[in-house]
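Notes follow once the structure below has been shown.
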Amino acid sequence: MPLKKRRYPFQNTSIRYTIFIYFTVSALAASIFIGLSMYSRMSGQMSAAIQEENQILINQLSRTTDTYLRTIMKLSDSLYYGAVKNADLSDSSINREITLLYDNNKDNVENIALLSNDGRLLEAVPAARLKTNLDVTAEPWFQNTLEKTENLHFSIPQVQYIFDANENQYRWVISVTRAVEITQGPYTDQGVLLIDIRYNSLEQLFDSVSLGNGGYVYLISSGGDIIYHPRAQLLDSGIARENNVKASEYRDGNHEELFEGKKRLVTVKSVGYTGWKIVGVTPMDGVSLNNLKTKLFVVFIIAFILFILSIINSYISSRITDPIKELEKSVNEIEEGHLETNVYAGGSYEIQHLGNSIQNMARQIRRLMNDIVAEHESKRKSEFDTLQSQINPHFLYNTLDIIVWMIENERQSEAVKAVTALARFFRISLSKGKSIIPVRDELEHVRNYLMIQSMRYKNKFTYSIEAGEGVEELASLKLMLQPLVENAIYHGMEFMDGDGEILIKAWREGDDLYMSVGDNGLGMTQEQVENLFAAAEHVPSRRGSGIGVRNVNERIKLYFGKEYGLVIDSEPDEGTTVTAHLPAVAYEQVAQKVT
């Protein structure tokens, strides 16, 4: 079972991007940590500040409420001790004294009334009378007042209902009652002094107070009944609820509670003599930083820290990766085959060491490649030189037979010509071991070869050699045309009945040298032409030199470059022309370089 290749994150991304991402993620984590730490610290500080501020506001409100209630209590004392206690109601009226005190406090007071213990209305300011068929003695507040004579009694907010209809009948009031002694002639009995406080005067004390973060303040009695609440209408309609009963059990101070799934901070403060409690409620969710400016400030700090760290990360990653990128460019150049490229060796010690190692490796590869190429070229040249030297002995034997036959038939002049041609042929073939010879010698070599073959085939074909102006001193590859001429004779002329023609031409076009061997023989198909170049191994023919067309083509490319070589133009029954393409270079320029 093949092993699965393990994949790593960012394996297809650049090292600079990877380092930047890792550093930035670290910076982001650090920024978030710092931001959360700041948030937590500022949240705690702000929470403490809000608690302290709420406590101060509630304490201040408690003092204001206490002052307000003490004013009412002083009014009650003034009414009792200044008007009721020392007056004989059977002989005089106290309406004047009560009216005077009412006028001084009418902004806060709705009604003042004095009731006997049997429920009769003795005095009322402003003028009023009890509702018909109303027995005040049956009212809980009346009974409670007479039972606990030593205390002032405060009711919860209510619509005044004990007096007959008048323009103020729908006013909300808080009733304050106390037991008093009433003197009527020789008799002293208990009665009830009633003061109706205007509810809106108390409401004004709380309406102007609000706590931070959406908090609010409400007022409850000792039993938990709501005296004031900013959402009183919602509470009365049942749309909203309040945890007032639980709050009545709290001691003065701060308390955390969970009400309707929300955490709240509850601050409680008792109001003096009454037993009332002022309750401040502040939501705990986001208590510290709900302020938009504060949130924006924290976000700005986090963003600024992240920005600074990103710049630092970018600088660090560039310092680390820029040398690696330069080294990568050098390696890419080497990969494309430019082994002579100077490899970058800067940056840290490791990058320098790696660059120097790659540079040394490239030099070693270049040296080995040069050695391999030189060895290969040497081997190929040796092979071709071997092929050159393996001129088929049959050619030599047949030529000597012809010379012997000429001598026996006393054709000495022709024999001399044949011997001379053979000698020149072998002299140029040897050429002192050189592979590059002048065009002049190459054409002379072919001319001697054709002369001998013409004698051998008894003038079965004619030949001509044409050389353009200035081409004879150019460099040519030795033994290049002879294999082409050999193919023209053996494969083009051998099966013809006569009138064979071989034309050899050499000419120059700019920086290019062309030499062609053309015949009017049988010709070849395109497939046969391709096979001449595609043959894997050349097998010497029974009569040929052993140097095939493919080998000639490879020799030209080996010595002069891949852009040079042979081109074959042939049609069946029309003949064949083989053209050799070489660079037009003077023989003296290459004679010293190539042997």
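We're numbering straight along the sequence, starting at 1.
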- Does Arg198 reach the main-chain N or O of Asn111 with its side chain, forming a donor-acceptor pair under 3.5 Å? no
- Query: Given Asp107 and Asn105, is the side chain to side chain contact (heavy atoms under 4.5 Å, CB included) satisfied, shown in steps?
  - Reply: CA-CA 5 Å; Asp107 290 337; Asn105 295 276; over 6 Å; no
- Contact list for residues 214-241, test salt bridge (Lys or Arg N to Asp or Glu O under 4.0 Å), sequence neighbours left out: Arg241-Glu260
- Item | Heavy-atom check, side chain of Arg178 versus side chain of Tyr80, under 4.5 Å | yes
- Query: How about Val173 and Tyr199: do any of their side-chain heavy atoms sit closer than 4.5 Å?
  - Reply: no
- Query: Would Gln190 and Thr149 count as a side-chain hydrogen bond (donor to acceptor under 3.5 Å, both in side chains) if you check the C-alpha gap in whole Å, the side-chain angles of each, and the deciding distance to 0.1 Å?
  - Reply: CA-CA 9 Å; Gln190 283 190 327; Thr149 59; 4.6 Å; no
- Item | Atom pair CG (Asn104) and CG (Leu100), whose distance is rounded to the nearest 0.5 Å | 5.0 Å
- Message: Does Met369 have more than 12 heavy atoms from other residues, nucleotides or ligands lying within 6.0 Å of its CE?
- Response: no
- Does any N or O in the side chain of Asn360 come within less than 3.5 Å of the main-chain N or O of Asn356, such that one atom is a donor and the other an acceptor? yes
- For side chain to side chain contact (heavy atoms under 4.5 Å, CB included), just list the numbers for Ile220 and Val279, CA-CA rounded to whole Å, side-chain angles, deciding distance to a tenth of an Å, and then say yes or no. CA-CA 8 Å; Ile220 60 176; Val279 182; 4.0 Å; yes
- Message: What I'd like to find out is whether the side chain of Leu79 reaches to under 4.5 Å of the side chain of Ile112, using heavy atoms alone.
- Response: yes
- From CG (Asn54) to CD (Glu52), nearest 0.5 Å: 10.5 Å
- Message: Within this structure, what is the CG-CD1 distance for the pair Leu219 and Ile278, rounded to the nearest 0.5 Å?
- Response: 6.0 Å
- Query: Which distance, rounded to the nearest 0.5 Å, do you find between the CD of Glu139 and the OG of Ser155?
  - Reply: 11.5 Å
- Query: Taking all atoms of both residues into account, what is the closest heavy-atom pair of Thr274 and Val271, and its distance?
  - Reply: OG1-O, 3.0 Å
- Could you name each residue pair satisfying ring-ring contact (aromatic ring centres under 6.0 Å, His included) that touches residues 218-251, not counting sequence neighbours? Phe206-Tyr228, Tyr216-His229, Tyr218-His229, Tyr250-His255
- Message: If I compare all heavy atoms of Glu123 with all of Ile98, which pair ends up nearest, and what's the gap?
- Response: CB-CD1, 4.0 Å
- Task: Give a yes or no on whether the backbone of Thr137 and the side-chain of Asp135 come within a donor-acceptor separation of less than 3.5 Å.
- Result: yes
- Message: For Lys557, I'd like to know if atom NZ has over 12 heavy atoms of other residues, nucleotides or ligands within 6.0 Å.
- Response: yes
- Leu122: which of Leu115, Asn95, Ile182, Ile94 passes side chain to side chain contact (heavy atoms under 4.5 Å, CB included): Ile182
- Query: Got more than 12 heavy atoms from elsewhere within 6.0 Å of CG, Asp371?
  - Reply: yes
- What's the spacing between Glu110 CD and Ser201 OG if we round to 0.5 Å? 9.5 Å
- Message: Could you check whether Ser270 and Asp252, counting side-chain N and O atoms only, form a donor-acceptor pair closer than 3.5 Å?
- Response: yes
- Donor-acceptor contact below 3.5 Å, side chain Gln55 vs main chain Gly253: no
- Item | Nearest-0.5 Å distance that lies between atom NE2 in His581 and atom CG in Asp512 | 3.0 Å
Side-chain donor-acceptor pairs under 3.5 Å in residues 81-90, sequence neighbours left out?
residue: Asp88; atom: OD1; partner: Ser90; partner atom: N; Å: 3.1
residue: Asp88; atom: OD1; partner: Ser90; partner atom: OG; Å: 2.7
residue: Asp88; atom: OD1; partner: Gly185; partner atom: N; Å: 2.7
residue: Asp88; atom: OD2; partner: Ser90; partner atom: OG; Å: 3.4
residue: Ser90; atom: OG; partner: Gly185; partner atom: N; Å: 2.8

- Query: Which atom names give the shortest non-hydrogen contact between Ser248 and Ser222, and what distance separates them?
  - Reply: CB-O, 4.0 Å
- Message: Between Glu242 and Arg264 (salt bridge meaning N to carboxylate O under 4.0 Å), is one present in this structure?
- Response: yes
- Least distance between heavy atoms, Phe142 atom then Ser116 atom: CZ-O, 3.3 Å
- Is the closest side-chain heavy-atom distance between Val125 and Lys106 below 4.5 Å? no
- Of all the heavy-atom pairs spanning Tyr102 and Val109, show the shortest one and how long it is. CE1-O, 3.6 Å
- Item | Residue pair Ser76 / Leu193: nearest heavy atoms and the distance that separates them | O-CD2, 3.8 Å
- Indicate yes or no for a side-chain donor-acceptor contact from Asn244 to the backbone of Gly224 under 3.5 Å, with no hydrogens or angles considered. yes
- Task: Look at the aromatic rings of Phe304 and Phe300 and report parallel, tilted or perpendicular, splitting at 30° and 60°.
- Result: parallel
